[in-house]
Amino acid sequence: MSLPKALQNREFRSTHAGAFSERLIVISLALCALATVLITVGIIYMLITESTGFFRSEAVTMSGFLTDTEWTALQSKELEQAKFGILPLLSGTFRVTLIAMLIALPLGLVTAIYLSEFASARIRSWLKPTLEIIAGVPTVVLGYFAILVISPSLQMISDGAFSTFNATSAGIAVGILCLPMVCSLSEDAMRAVPRSLREGAYGLGCTPFETSVKVVVPAALSGIISAFLLAFSRAVGETMVVALAAGTLPTMTLDPTQQAQTMTGFIVEMIKSESEYGTVQYYSLYAVAVTLFLITFLMTLCGQIIRRRFQESYQ
Amino acid sequence: MSTLPGAIVNQDEQYLADNARRRKQFSIWFYFLCVAIALISVVILVVLMISIWSQGQSRLTTDLLTRSHSELEIERSGMWPAIMGSLFVCGTCALVALPLGVGTAVFLEEFKPTHKVLRWIHGFVQLNIANLAGVPSIVYGLLGLTVFVYMFNVFGQIRVNESAGLEIMGYKHFYQVLTLEPGHVVFAPQTDPTVRQTTFDEPFQAVDPDGNPIEISIWTPGTPKPTDPEIRRRTVRSGAIGGTITERNWYYFRLPFDKSFLSGGLTLALVILPIIIIAAQESLRGVPSSLREASMGLGATTWQTVRDVSLPAALPGIMTGSILAMGRAIGEAAPILVVMGAAVAKSSGPQHLMDDAVTMPVLIFNWAGRQQDEFKELSAAAIIVLLVVLLLLNSTAIYIRQKVQKAQS
Amino acid sequence: GSKSDAPTTTESAAESGSTAAVSNLTGTIKINGSSTVQPIANAVKEEFAKLYPNVNVSVDGKGTGNGFKMFQDKETDISDASRPIKPGEFEACKANGVEFIEIPVAYDGLTIVVHPKNDWVKSMTIEQLQKIFVAGDAAKQWSDVDASWPAEKIEIFSPGTGSGTYDYFREVVIGKSDSSLRNDMNLNEDDNVLVNGVAGNPYAIGFFGVAYYEESKDKLKAVEIVNPKDDKAYLPTPENIASGTYAPFSRPLFIYVSTASLPRAEIATFVSYFLENAPSLCERVGYVRLPDEIMQRAAKNLDEENTGTHYIDGEGNSRSGAVADIYQPENLTK
Amino acid sequence: MSSVTPAIASAENSEALPDQTLIHIEKLNAWYGDFQAIHDLSLEIPKHKVTAFIGPSGCGKSTLLKWINRMNDVVPGARAKGRLTIDDDHDGKRTEIDVLDPNLDVVGLRRKVGIVFQKPNPFPKSIYDNVAFGPRLHMKTTKAELDELVEWSLQKAAVWDEVKDRLHGPALGLSGGQQQRLCIARAIAVGPEVLLMDEPCSALDPSSTLAIEDLIFELRSQYTIVIVTHNMQQASRCSDKTAFFFEGKLIEAGDTELVFTKPKNKQTDDYVRGKFG
Amino acid sequence: MSSVTPAIASAENSEALPDQTLIHIEKLNAWYGDFQAIHDLSLEIPKHKVTAFIGPSGCGKSTLLKWINRMNDVVPGARAKGRLTIDDDHDGKRTEIDVLDPNLDVVGLRRKVGIVFQKPNPFPKSIYDNVAFGPRLHMKTTKAELDELVEWSLQKAAVWDEVKDRLHGPALGLSGGQQQRLCIARAIAVGPEVLLMDEPCSALDPSSTLAIEDLIFELRSQYTIVIVTHNMQQASRCSDKTAFFFEGKLIEAGDTELVFTKPKNKQTDDYVRGKFG
Ligand SMILES: Nc1ncnc2c1ncn2[C@@H]1O[C@H](COP(=O)(O)OP(=O)(O)OP(=O)(O)O)[C@@H](O)[C@H]1O
Ligand SMILES: Nc1ncnc2c1ncn2[C@@H]1O[C@H](COP(=O)(O)OP(=O)(O)OP(=O)(O)O)[C@@H](O)[C@H]1O
Ligand SMILES: [Mg+2]
Ligand SMILES: [Mg+2]
Ligand SMILES: O=P([O-])([O-])[O-]
């Protein structure tokens with residue numbers, strides 16, 4: 001059989017012609033990646049420049065910011081009366097987050113175990129979309145679910161012990177929000193556990209329960225922990241639900257029936273009120289944003305470290 | 001050494017059997033616990049859906065889809081401008097975030113550097129993206145406010161009667177002058193853009209709203225006033241003052257963006273960018289490296305490999321991830337509130353790039369907070385509409401994924 | 001040619017009834033300020049849009065104080081206010097070269113509300129309000145105000161510090177003294193949140209414009225306020241508000257129009273439309289119409305472009321009193 | 001022993017005692033969903049011997065192996081029909097375990113029938129915990145007993161000397177060959193009678209392979225061992241009996257030497273000579 | 001040819017012409033990060049012959065193969081030192097391609113040196129597009145020329161008859177053996193001179209293996225073929241020359257027959273007899 005014409009000609013495209021456009025493409029792709037760095041730089045630059053307006057003020061001291069137990073930036077018209085102690089906002093945030101985690105973590109983890117270890121393909125095929133739909137429910141909707149359904153139910157059950165706006169109903173709604181996330185990330189981690197480990201466990205006579213709890217979960221622990229951390233920072237950063245349902249009064253208490261303004265809730269209120277742009281009270285929102293950013297940053301960092309340190313086991 | 005250890009020799013058969021039974025029983029209980037807990041999420045969804053449906057189903061009318069928010073005729077309020085607004089905001093968001101996100105993912109996954117310093121940078125960028133994914137959306141809102149809305153005040157502020165920022169294209173300035181016919185105006189072309197008002201004492205050349213030139217005459221108070229509406233339309237009072245108005249084409253563009261839908265869309269793009277990058281990276285990682293090797297082995301360059309092999313193979317995954325990210329964008333309210341404000345009384349979708357807009361979540365946020373029962377029901381109805389949109393998006397994503405899974409199995 | 005817009009006002013007033021045709025007027029109008037006035041502005045805007053569909057009116061309600069901030073920064077054409085401009089704001093306007101026309105548009109009764117289950121409070125005096133609202137030794141529990149009331153924690157919902165309602169309330173309750181309102185209240189610029197807050201807690205109290213109370217009468221109970229002049233308690237009914245017996249919380253609402261914007265045809269048309277329709281539209285959203293006489297004075301001010309405020313005297317001190325007394329040409333300070 | 005069964009029988013009676021059959025398989029058919037992986041397979045596996053399963057990829061070796069201790073229970077869609085029994089000496093009384101009985105106590109079966117897989121799969125725990133994992137599940141032991149058991153198992157698996165100084169170090173830190181021996185130690189720590197090994201050396205380097213082969217040689221005095229392998233040389237080196245499978249069917253079974261030197265079947269001949277596979 | 005190089009030389013001059021060396025490898029060392037995968041390796045690969053690389057897993061066969069067409073460029077941390085050149089006849093002029101030259105036109109090299117992998121890896125496109133993929137990258141062809149080229153390649157790869165009716169059907173719908181032949185067709189469609197094959201049959205069933213082996217036999221008249229295999233029988237069946245590697249070193253190389261029947265080296269002998277690996 002004779003060589004086809006295309007090969008007889010041996011007219012191959014000059015290989016250097018594409019090099020320029022190739023380089024151009026690589027550069028533009030690199031610029032895309034650079035943009036993500038620029039976003040971080042932008043966030044940090046913004047937070048620093050804008051929060052100097054707060055920290056420079058004579059009414060504010062760093063130690064006061066970190067230790068004072070009152071935060072009245074929205075409540076005080078005059079600067080002299082304003083108190084800037086981040087603790088009440090932190091306490092609000094952590095109350096809501098704690099409740100959310102108490103719901104999302106166990107439920108999410110057990111659902112994940114169910115999905116990855118027990119559920120048949122048919123159940124998976126509708127349970128997973130269900131979870132995805134919950135994950136896709138806008139947070140505004142969940143916020144109203146919190147004040148229209150959860151909060152009244154709580155009040156009814158507890159005979160009015162809960163205030164209209166309270167940490168618990170916001171926490172529950174945030175928990176619902178985080179549940180699918182915990183679930184699908186943990187499930188991914190558990191599915192990444194090689195089949196061979198499960199076979200090893202069954203081969204030694206483990207029951208399905210023992211296999212999943214004693215072998216699969218510990219083996220997927222790094223992934224599960226980073227799922228928890230992600231859910232945690234999502235809960236800390238959640239805004240609309242807490243703005244709607246957690247209340248607008250910063251309180252320093254452990255009582256879950258009370259209202260709890262969170263850091264994000266405060267930022268939204270401050271923005272919405274546009275309380276005197278340029279005042280120290282206004283700039284305090286950036287100080288809160290810095291705190292928020294630092295917390296979530298530490299969370300992701302922890303998650304990354306855990307993932308990198310413990311994940312390599314199966315390669 | 002070969003004698004069996006005590007533990008094996010002294011096995012109590014009864015204990016072994018009981019133990020096995022107990023463990024099996026426990027495993028069964030655990031299974032039912034799992035089922036019960038997995039059902040909780042379903043129950044939550046059902047309760048959510050039922051409570052929303054029962055509230056909103058009576059308001060699912062064509063009015064809802066075609067009319068705009070109304071304070072005076074609450075029962076006939078609608079969400080058309082919000083639908084359009086969400087469309088424009090999310091469209092902008094998609095146009096920006098998709099190429100940027102996929103580009104970044106391709107760069108990070110397919111152009112892995114071999115040099116040590118570059119590898120370090122690569123790892124840094126990767127960590128940075130993980131961090132961005134964890135940044136609360138409200139912080140992105142604040143960033144959008146400084147960067148897009150005010151642009152660090154580099155271009156000044158938008159002020160009525162004084163400054164419209166740095167206008168770049170798509171605009172024409174006129175003086176708008178009232179004629180003697182009530183409600184009727186004529187437009188005088190503005191020659192000097194810095195002059196915001198001018199006084200008309202002499203007849204002048206103007207244009208009507210369709211852009212046709214017309215001669216305008218002057219009526220001096222004290223002289224008889226023309227009665228023919230035709231003539232009154234072409235007559236202005238001596239000393240009438242015209243104020244600048246701007247005719248904006250759809251591509252009207254100025255800096256800063258102010259509280260326009262463009263700012264909102266760009267801010268949302270920041271929010272979902274890390275999500276898209278991570279999803280795209282994941283699905284590029286899922287492309288078997290054997291395909292890349294095959295392409296490289298045939299002499300394709302890295303980019304040719306990406307373009308012809310990796311990207312097409314990863315496309316379904318990228319699409320799924322992007323659709324889910326868009327779902328997030330559509331439902332996102334916090335950054336929009338920060339960037340575009342909470343006002344909802346708008347009667348149409350955005351008319352030009354710098355126009356403001358209402359989005360569905362913000363409208364829901366507003367309506368649900370109102371006291372009138374009509375608004376409460378309307379908000380539930382609007383939630384239904386929003387959820388239907390999201391459901392459509394999600395099922396597209398799920399459909400794509402399942403099709404791909406089938407094709408791969 | 002400084003007197004420019006007069007033609008529209010007079011002419012359209014005379015002839016607008018006959019123009020059913022859609023106008024070719026275009027433009028953008030920016031309004032911000034009082035959330036109390038916002039329902040009226042929105043109502044006017046909506047009716048206006050039927051006649052002038054090409055005019056884009058954006059109405060926001062960030063509170064009177066914030067509204068004036070934007071107004072003096074020339075970010076808005078019209079500022080809604082639930083209290084008169086304050087000397088500081090007036091000075092700032094002057095310094096920025098912002099001149100305005102002050103137009104009262106309706107009466108409001110600042111309504112103090114409690115939960116419908118609250119059966120112990122029927123009426124309150126200013127002194128009792130002081131006990132609840134003034135910082136310092138503020139009452140933490142209802143029983144601190146009156147020993148016969150329940151020993152339950154009072155939860156307070158108030159408009160934000162940027163709002164005119166907060167200022168007005170503060171001025172009534174505290175007067176000119178140095179003390180301030182307590183700072184452990186739930187503040188929100190959105191009056192709807194306040195309604196929800198009070199409606200959800202039997203031991204809550206709150207206050208806002210009467211329109212928000214009218215919208216949610218079934219969930220709230222308005223407190224009768226004892227008029228210090230005759231020691232009788234009155235509810236914020238339209239009659240009581242209009243007659244001034246609902247004192248001292250009966251107050252006028254205003255719009256402030258920038259004169260720099262008035263030569264723009266769309267603004268001139270809108271403002272005169274507003275003035276013309278405010279009495280009827282304000283009733284539709286729950287407020288009380290001002291006497292014709294005051295509306296005529298306002299129309300005249302607009303017509304003649306009489307800038308300045310009536311509520312600050314030559315020395316820069318604010319005046320207070322009934323609107324009918326103060327909104328007089330001789331009180332106008334440029 | 002039915003005559004149709006190509007049973008493993010000592011053709012040349014090289015040993016004093018005749019083979020005692022431990023595992024009886026009769027007309028076994030196995031499916032994955034609609035796909036039949038094993039057809040009408042009958043085979044007897046002798047006690048305290050090493051039996052090798054050979055055959056090309058996909059012929060059903062692993063499937064059969066996994067049915068012997070019901071590992072296929074967890075594979076969705078896997079089912080089997082036929083007879084598969086294991087003799088069970090219980091205080092002198094001989095009973096039979098019906099492996100395919102749906103009500104069988106699988107946990108107990110798997111304790112009796114240990115399995116070792118192709119890729120070493122130690123749990124991501126310490127070496128000690130890996131070995132102690134099974135005993136902790138099944139038995140009541142004191143700490144001392146457990147320690148003794150762990151040491152015994154590791155010694156039996158010929159890996160004790162290499163790990164004794166780091167018993168509480170991570171098992172994943174061991175080399176592949178050590179991991180595989182650890183897995184064997186883990187399997188024998190619960191005191192099984194049968195050891196199933198699915199290509200236990202195919203992921204290992206030559207020297208580790210040798211170590212495992214030696215170990216198998218050692219263990220056969222106490223355990224009945226079934227080993228699946230692709231490596232004909234390995235089969236001939238370390239097994240007593242060999243069964244050759246092809247496309248889900250048992251083609252030939254018998255003494256290893258015979259199968260490799262004088263196969264009765266053409267396909268077997270082709271395969272052991274490397275014509276395919 | 002340096003005397004230290006265990007070059008592949010026809011020991012018995014069975015063919016008329018002496019071998020002409022195409023690929024020269026001298027003192028090649030290759031690393032992955034800090035791990036040295038190839039040590040001081042020298043080897044000559046003859047033109048238009050089939051050379052088999054054998055050796056146990058991890059001995060560096062694939063690494064060497066991948067350096068011949070610089071596929072290791074994309075592996076982070078992979079580097080090589082030494083000489084690796086390919087003769088290049090260009091319009092009668094003989095030149096040499098220095099493969100390890102960092103400024104080398106890799107794209108051109110890879111067109112000249114095609115590679116086929118262990119697992120068939122057709123692109124998820126149509127059969128036609130798979131074969132046309134390379135030509136479209138490298139050549140300007142008319143539709144007709146391309147059609148001709150695709151048919152020619154598929155015919156050369158002995159798969160044309162099986163796919164000609166569904167050229168525009170998905171390549172993934174083919175069986176494993178067909179896919180592998182498709183990959184070979186794809187590789188020869190760009191007109192390479194050398195074909196590298198890394199265990200091309202190890203994922204295939206016996207009959208597909210035979211088909212590929214026949215194909216290799218066919219192709220050697222026009223291509224220089226290097227094949228990596230684990231299957232000694234396969235190496236002996238279809239290669240002219242064999243090189244045996246162990247732990248990154250070349251142990252022995254020469255005519256296939258000699259290497260298998262009279263290996264000079266003990267390790268080679270052990271390996272080809274199946275003592276390990
Ligand atoms: N979980 C499963 N689902 C469906 N089919 C399966 C499954 N496991 C194996 N098979 C099929 O059953 C047949 C026999 O598989 P088995 O694993 O027993 O082969 P094998 O002889 O062990 O091969 P290898 O040597 O490759 O391990 C094969 O065709 C395989 O594709
Ligand atoms: N990408 C890589 N990074 C690090 N080490 C590698 C990489 N690829 C291969 N190695 C190591 O280099 C050595 C040689 O590998 P190579 O793939 O060449 O072996 P091989 O002889 O082809 O083995 P096999 O027959 O299993 O394919 C092995 O020890 C392997 O672990
Ligand atoms: Mg197998
Ligand atoms: Mg290899
Ligand atoms: O009406 P206000 O929003 O200013 O109280």
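Small disclaimer: the values here were computed from a predicted structure and weren't measured.
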#### Entry: chain B contact via A:Cys206 - side chain, backbone, both or neither, heavy atoms under 4.5 Å
backbone

### Query
What part of A:Ile176 lies closer than 4.5 angstrom to a heavy atom of chain B: side chain, backbone, both or neither?
side chain

### Query
Checking heavy atoms, do the side chain of A:Leu127, its backbone, both or neither come under 4.5 Å from chain B?
side chain

### Query
Is it true that a side-chain atom of A:Thr296 and a backbone atom of B:Val135 form a donor plus acceptor pair closer than 3.5 Å?
no

### Summary
Comparing B:Thr301, B:Leu337, B:Ile364 against chain A, the one with the most heavy-atom pairs below 4.5 Å turns out to be B:Thr301

### Task
To the nearest 0.5 angstrom, please state how far the CG atom of B:Leu390 sits from the CD atom of A:Glu132.
12.5 Å

### Query
What part of A:Val213 lies closer than 4.5 angstrom to a heavy atom of chain B: side chain, backbone, both or neither?
side chain

### Query
Going from CG on B:Leu48 to CD1 on A:Ile133, what distance comes out if it is rounded to the nearest 0.5 angstrom?
11.0 Å

### Message
Using heavy-atom distances under 4.5 Å, tell me whether A:Ala35 contacts chain B through its side chain, its backbone, both, or neither.
### Response
side chain

### Task
Against chain B, label A:Thr211 side chain, backbone, both or neither, depending on which of its atoms sit under 4.5 Å from a heavy atom there.
neither

### Query
At what distance, to the nearest 0.5 angstrom, does CG of A:Leu301 lie from CG of B:Asn131?
8.0 Å

### Query
Checking A:Ile25 against chain B: side chain, backbone, both or neither under 4.5 Å from a heavy atom?
side chain

### Heavy-atom contact with chain B under 4.5 Å, split by part of A:Val149
side chain

### Query
For A:Ile123, is it the side chain, the backbone, both or neither that has a heavy atom under 4.5 Å from a heavy atom of chain B?
neither

#### Entry: Atom pair CD1/SG of B:Ile37 and A:Cys183 - distance to nearest 0.5 Å
11.0 Å

### Query
Is chain B contacted by the side chain of A:Met46, its backbone, both, or neither, given a heavy-atom distance below 4.5 Å?
side chain

### Summary
Looking only at A:Leu179, A:Leu292, A:Leu115, A:Ile295, the option with the highest number of non-hydrogen pairs under 4.5 Å against chain B is A:Leu292

#### Entry: chain A contact via B:Val147 - side chain, backbone, both or neither, heavy atoms under 4.5 Å
neither

### Task
Side chain from CB out, backbone as N, CA, C, O: work out which of these in A:Thr300 comes under 4.5 Å of a heavy atom of chain B, or both, or neither.
side chain

### Message
For residues 323-343 of chain B, which residue pairs pass the salt bridge (Lys or Arg N to Asp or Glu O under 4.0 Å) check, not counting sequence neighbours?
### Response
B:Arg328-B:Glu332

### Message
So, taking the atom named CG in A:Leu131 and the one named CD1 in B:Ile44, what distance separates them when rounded to the nearest 0.5 Å?
### Response
9.5 Å

### Message
Is A:Gln304 in contact with chain B via its backbone, its side chain, both, or neither, using a 4.5 Å heavy-atom distance?
### Response
side chain

### Message
Heavy-atom cut-off 4.5 Å, strictly under: side chain, backbone, both or neither for B:Ile52 against chain A?
### Response
side chain

### Query
Is there a donor-acceptor pair closer than 3.5 Å between any side-chain N or O of A:Thr207 and the backbone N or O of B:Lys24?
no

## Note on the structure
From the list B:Leu393, B:Leu142, B:Leu39, B:Leu33, the residue making the most non-hydrogen contacts under 4.5 Å with chain A is B:Leu142

### Task
Indicate yes or no for a side-chain donor-acceptor contact from B:Asn128 to the backbone of A:Thr36 under 3.5 Å, with no hydrogens or angles considered.
yes

### Query
How close do B:Leu145 and A:Tyr286 get, heavy atom to heavy atom, and via which atoms?
CD2-OH, 4.3 Å

### Query
In terms of heavy-atom proximity below 4.5 Å to chain A, should B:Val306 be classed as side chain, backbone, both, or neither?
neither

### Query
Can you name the side-chain hydrogen bond (donor to acceptor under 3.5 Å, both in side chains) partners of B:Arg285, sequence neighbours left out?
B:Glu109

### Task
Enter the distance from A:Tyr114:OH to B:Phe30:CZ here, rounded to the nearest 0.5 Å.
12.0 Å

### Query
Heavy-atom distance under 4.5 Å to chain B: side chain of A:Tyr144, backbone, both or neither?
side chain

### Message
Does any backbone or side-chain atom of A:Glu210 lie under 4.5 Å from a heavy atom of chain B? Answer side chain, backbone, both or neither.
### Response
side chain

